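Since the model is a prediction, treat every value here as computed from it, not as a measurement. Read the numbers this way: they start at 1 and go in the same order the structure lists the ligands and their atoms.
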Amino acid sequence: MKKEIILKFKEILGEKNLIYEKERMLDYSHDEVSLSEIYNLPDVVLKPENSIQISEIIKVCNFEKIPVIARGGGTGLSGGCIPVYGGVVIDSENMKKVIEVDKENFTITVEAGLTLKEFYDVIGQYNMFFPPHPGDESATIGGLIATNAGGARAVKYGVMRNFVRGIEVVLADGSIENIGGKYKKSSSGYSLLNLFIGSEGTLGIITKATISLMPPLEKIYTLIVPFENLQQAIKNGPLIIQNGIIPLAIEFLEKTTVKLVEKYLNKKWPCEIGNTYLMIMVDGSQDETLKIAEKIAEIVTENGALDVFIIEDEKRQREVLDIRSMIYEALKSNTIEILDVSVPISKIYDFVCEVKKIEKKYSTYIPTYGHAGDGNVHNHIMKGKFEEDKWIEIENWREKYKMVKYDIYSVAKKLDGIISGEHGIGYLKKEYLGLFFTEKQIEIMKEIKKIFDPNNILNPGKIFEK
Ligand SMILES: Cc1cc2nc3c(=O)[nH]c(=O)nc-3n(C[C@H](O)[C@H](O)[C@H](O)COP(=O)(O)OP(=O)(O)OC[C@H]3O[C@@H](n4cnc5c(N)ncnc54)[C@H](O)[C@@H]3O)c2cc1C
């Protein structure tokens, strides 16, 4: 990058909010994706303190045609914030202000760099609740909106899209726009707000957001239900919903995976029996919640459950949720990529069975778990397999990787699913977009990108090439 441009950035930000030494930029060359082949260093990392500074930076980049990559917590799982063509990384670390807590409208307005952990802490002080819970609390509000993140608790209350009321965004020409507001309903032309939610930093940099909140849930219970086999476990997810109960979360996971996380975290899963588990979270009033839990216990017992463990203690519930949330971390050292296909809930079982066939076909290991309540399934494509207490390299894992991925996506397509339910397309999934969308649809997406970003400076090479 030319010296004059670095000087311009220094003028805008001051010396301290600029990083250009290689060693200090290493952390910005990747997100949580394990595939190190795609890591790449930016030319410079900038840490602006407000939207006006971002606007000034973007004007320079737009004029010079320099890539601009928004980065939040770097917890993404699709390579979304990796500067694959170098350029400027905009780190939102210095933008964490809580601008307003509006108790009348049940909204909070914050800057985009606030992490999920910080966000939960703030709303907790005001006795308010925010249902979405993606697994890594160092993700930021900006990143969560840009990926339309979900998480285990999406079944009942939905994903980020259901909670974002308004955003402030800096566009590719440097203009600062406020989109949406605090209102709940809008039938007012095309929804620009919804276009930005899930746009992965390719249409603008989100700098502030107004998020809707809820009163705190009175009571939450977590149920752990063991089953002899995967089929019984997965089929019980839709059954619970068909019986008129919408839990906060319905997760499925296999014993082999649970054992790995127990070892990694040194924490204990509440039950030993069975080979597959459902983890179900329910909420409601004090009296109601136990009744709902008991009703679920009845349904699953009639349909193959080996036992039902109802957990009331909050600390123990947290530990169980931690085990579920840390699966990725426990498998990461031997994961090439984690997928997040979404299929109709009636087809989760078929999807998982097909994946088991792919696992066999390629003599590989594909740990599979996920959100049985909304059809969003995680498959890890692995380079190692855990056997006899150690990781063993899978033969020809490099050659198998793309074939396994293609086969899994083909099955998802066949079962009326979609490529990504919550992590986004980013860099890793873009070559498979054509399996799920027609040429016309991709063309429309590209035209939209051109309107917002004619010079293709905003996170180039993500979602699609150009
Ligand atoms: C252990 C673990 C568990 C996870 N569990 C879940 C889960 O359950 N559900 C789920 O949905 N995700 C999950 N994730 C993925 C990840 O946490 C989410 O994708 C999260 O939304 C990313 O937020 P971030 O701030 O880290 O964004 P980053 O990784 O920094 O960036 C992600 C994308 O958002 C863009 N972006 C970031 N900030 C902005 C901004 N201010 N304006 C515009 N674009 C921006 C980036 O350019 C990039 O394209 C998990 C990740 C890990 C490591």
Next item on the list: Using the six-membered ring wherever Trp is involved, compare the ring planes of Tyr120 and His133 and label them parallel, tilted or perpendicular (cut-offs 30° and 60°).
Entry: parallel
Note to self: Checking Asn40 against Tyr427: is there a side-chain donor and acceptor pair closer than 3.5 Å?
What the structure shows: no
Next item on the list: Give the protein residues with at least one non-hydrogen atom closer than 4.0 Å to an atom of ligand 1, ordered by chain and number.
Entry: Glu32, Ala70, Arg71, Gly72, Gly73, Gly74, Thr75, Gly76, Leu77, Gly80, Cys81, Ala112, Pro134, Gly135, Asp136, Ala139, Thr140, Gly142, Gly143, Leu144, Ala146, Thr147, Ala149, Gly150, Gly151, Glu200, Gly201, Gly204, Ile205, Ile206, Glu329, Glu422, His423, Asn459
Note to self: Between Glu443 and Lys446, does any NZ, NE, NH1 or NH2 come within less than 4.0 Å of an OD or OE carboxylate oxygen?
What the structure shows: no
Next item on the list: For the pair Lys10 and Glu15, find out whether any cationic side-chain nitrogen is under 4.0 Å from an anionic carboxylate oxygen.
Entry: yes
Check: Is the closest basic N to carboxylate O distance between Glu431 and Lys405 below 4.0 Å?
Finding: no
Checklist line | For Asp31, all residues meeting side-chain hydrogen bond (donor to acceptor under 3.5 Å, both in side chains), sequence neighbours excluded | finding: none
